[in-house]
Amino acid sequence: MAGRLVTYSWRFFVIAVFLCSGQVFSKGVMPEKEEELFEMSIEQLMEIEVVSTATLTEAKPRLVPAAVTTITEEQIQASGARSMFELLDIYVPNLQWIRHHWESDHLGLRGIINDRDDKYLILVNGRVMNERTHYGAMSERDLVLLKDIHHIDIVRGPGSSLYGPGAVSMVINIITYNAETFQGTEITGRLGAVEEFYSGEVKHGHKFKDGDGGIFTYFGVADYWGADKHNAPQIFPFNFPSGSQAGEPYIGGGLYPLMNNDQEAHRDLPPLKLYTEITKGNWDIWMRYTRGGQEGVWDIQDLATDPWGWAGAPGSAVSLNPNTYGYQQATGYVGYKKELNEKTSLDMAFSYDMFDFERYAENRIRDAYREDEYYAKILLRWQPSERHKIAFGGEYSHQDLGLRSLGWPDAYARSSVWSPQSWVVINPMPCWSTNMYSLLGEHQWTISDKWTTFLGARLDDHTYCDWMFSPRAAVVYTPSKKDTFKVMWAKSVRANFEEEMRNQADSGGGCSNPEKLGSIEFRYERQHSKNLDFAMSVFVHYSLELISWNQQGEGGSSTGVGTQKDYGVELEASYHTEDTRLMISHGYTKLYDFELEQGQSTLVTAKPYGYGDDLANWSNHITKLTAQHKLNDRWTLDASLRIYWGFPGMDDWNKYSQGPRPDPVIEEGWERAYRGNFYLNLGLQYKPSKDLTVGITGYNLLGMFNRDFNKRNYYGSYGDYRCHAAAVGVSVTYRF
């Protein structure tokens, strides 16, 4: 049982990566059956070499040159998470989740968070799923449908040397079930009260009779109504005058009568997920479709009249429809892996991806378009000697952009052209295409039993961007079986959004400069005993040449605004026995400099304007605790607590933004938005038989005593926030 409960355990990490990647063992014990993996000792498993999310070459798990968090299938079940936002927020150290009025919610790591989610990549089975035209990582994150996921690897830190432009702050790799990891049929039904939702999921896995491959298929559908304005209130720090959109004067607790439900599905369309994978011999073929999106809450400027906002003259406020975004994504993938000999293997893949995006804000369609990508990859792994491993290859990506939306085909819109005074459908978006050619490689050198080095790099050439170079170097020292020391240096890059690069080229600005992150990280890991593990990461230099929203110019745009410099520490500990698991982490991130480019503006911090020295959209300290205790063979208790200790940088930003206003939006003495956030979940699982599991989870329970404990702030906000509802959810899973 201990192996099933251990978080971050080498045991599950190795087994999960091996089963889902289809990689062969290159060294160590060679099990004849998969069941033998679960019977191996930790020491035996640590000798197995696999290709992880954070390497191109095969390596022992303790040698992987990165801080990697693995969220297992057991943890997903135990958390009761209603989205990947919530799941990652529970388990990943120093990761934060924040709302946005005009875009999707955001995830950030180590102080790097933006007005769009362009600083990290979301992968499914190693295939990048990001939208490229306007936003970045969008799909998968909001869906309540999670039962197709076997585990998730999160590489905390830069990863562009492996996965290309966009892997600036982290890589999130979703590993699905397949015929090797799931056989039989399973049905799951879930429902939530207060934050109301209903979902049904079914999956089936079948191995072929000859044992060579099989088929896995999954289908999930949901109906997500969310929590109403009374259980999830929107709090504004503003005394709205008569004639404004709010309708009546109030400070803080007032509620606009037509406010949407919190987390409500986009256009009331049922979220969907379909997935099918066939493996046979060296072939791996899968197809995936997702549909999602959510509604949001208006910004103060949309609700208030002049001089606070642009809602119209007093007495003539415009009736607002909810801001909302939605997407649908369809992906096909064909992979082929071949062992050429004992020392050489070849990976090849071809994939097609369709991403359809739509966004409605401020009573108009702001975006409605589709992008298609055709992608190919070839990678050769070669072990010329016992101490050296080499991987090298190339990738090609062709993007067809500005295609007509399938969701809103008559609304053909371009997001980068807008005006606050214009309440009309945006200008038509042209069609165009881009190409990106990539070369990548990694060399692993086992200098001795105690010293190992990794040297890797990637070179990307994009139609509208200068050459992008992403190197990585790491040294790993293992003085004992318990202790591991890692020193890692990397530079990650990101090209600007396709729409922004096209605009720059059309206006005669030439090629776009990429965003760059330079990082130095030290990491220490200790397996203190069979029950206790420690880890510490220190990133002493995070220097980001930031591309972000810049309000300068007509309407604003996403451009290079300056250089953000951070440092920080992450502490982790895990204690586990046969019946109990405890995990705690604490992350601290501090801005030590921000060099604003001349003539630019930023929402990231008020430091360049002389107000404080903190990040505006970040809690410097964040603590996370999860616990699980098995009461007996049938009953299990689960708990999670997340604490964002406060937002001093947001307070500084709002003092700066209100400084020159004769009529400030934020009431004098407003402090509630800048205090800490506290999210407590408690769960109970009951397993009356080996095939049936029933679970109940209470979410954000501290909100029953004070709703402000459950608040979640907005990116670039004027001190407003919305509280998550204290809610309950029930799940029933039956396996045939």
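Worth saying up front: this structure is predicted, and the values here are computed from it rather than measured.
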Just wondering, more than 12 heavy atoms not from Trp489 lying within 6.0 Å of its CH2? yes
No-hydrogen, no-angle side-chain donor-acceptor test under 3.5 Å, Ser512 and Asn496: no
Can you tell whether the side chains of Arg110 and Glu570 come within less than 4.0 Å, N to carboxylate O? yes
If you measure from the Lys or Arg side-chain nitrogens to the Asp or Glu carboxylate oxygens, is any gap between Asp105 and Arg712 under 4.0 Å? no
Are Phe350 and Tyr375, when compared by the centres of their aromatic rings, separated by less than 6.0 Å? no
Do the ring planes of Tyr135 and His106 sit parallel (below 30°), tilted (30 to 60°) or perpendicular (above 60°)? parallel
Separation between NZ (Lys516) and OG (Ser160), nearest 0.5 Å, reads 12.0 Å
Would you say Glu371 and Thr133 are linked by a side-chain donor-acceptor pair, where the criterion is simply a distance under 3.5 Å? yes
Are Glu595 and Lys565 close enough, and set up right, to give a salt bridge (charged side-chain N to carboxylate O under 4.0 Å, His left out), and what steps lead you there? CA-CA 9 Å; Glu595 300 170 0; Lys565 297 181 179 180; 3.2 Å; yes
Under a 4.0 Å threshold between the charged nitrogen and the carboxylate oxygen, would Glu373 count as salt-bridged to Arg127? yes
So, Ser104 versus Tyr325: side-chain donor-acceptor pair below 3.5 Å or not? yes
Does a salt bridge link Arg381 with Asp347, judged by any charged N lying under 4.0 Å from a carboxylate O? yes
Below 4.0 angstrom, N of the basic side chain to O of the carboxylate: do Asp614 and Lys590 qualify? yes
Which label fits Tyr374 and Tyr352: parallel for a plane angle under 30°, tilted from 30 to 60°, or perpendicular past 60°? tilted
To the closest 0.5 Å, what do you measure between OG1 (Thr290) and CG (Leu272)? 9.0 Å
With a 4.0 Å cut-off, would you call Glu358 and Arg370 a salt bridge? no
Does any part of the side chain of Trp445, heavy atoms only, come nearer than 4.5 Å to the side chain of Val475, both counted from C-beta? no
Can you measure from CD (Gln600) to CG (Asn550) and round to the nearest 0.5 angstrom? 4.5 Å
What about Trp618 and Phe647, are their ring centers closer than 6.0 Å? no
Between Asp142 and Gln294, a side-chain donor and acceptor under 3.5 Å: no
Salt-bridge contact Arg458-Asp460 (side-chain N to carboxylate O under 4.0 Å): yes
Would you compute the distance between atom CE of Met129 and atom CG of Asp353 and round it to the nearest 0.5 angstrom? 5.5 Å
Knowing that exactly one of Asp566, Asn620, Asn94 qualifies, which makes a side chain to side chain donor-acceptor pair (under 3.5 Å) with Thr589? Asn94
Is a salt bridge present between Lys119 and Glu515, judged by a nitrogen-to-oxygen distance below 4.0 Å? yes
So, are Lys273 and Asp148 salt-bridged, with charged N and O less than 4.0 Å apart? yes
Electrostatic pair Glu277-Arg288, nearest N-O below 4.0 angstrom: no
Evaluate the ring planes of Tyr656 and Tyr609, with Trp represented by its six-membered ring, and classify them as parallel (under 30°), tilted (30 to 60°) or perpendicular (over 60°). parallel
Taking the six-membered ring for Trp, are the ring centroids of Tyr437 and Tyr396 within less than 6.0 Å of each other? yes
His101 side-chain N/O to Trp298 backbone N/O, donor-acceptor pair under 3.5 Å: yes
Answer yes when Asp118 and Arg494 have at least one side-chain N-carboxylate O distance shorter than 4.0 Å, and no when they do not. yes
Can you tell me how far the CE atom of Met488 sits from the CD1 atom of Ile520, to the nearest 0.5 Å? 11.5 Å
Going from NE2 on His100 to CG on Asn713, what distance comes out if it is rounded to the nearest 0.5 angstrom? 13.5 Å
So, are Lys389 and Glu442 salt-bridged, with charged N and O less than 4.0 Å apart? no
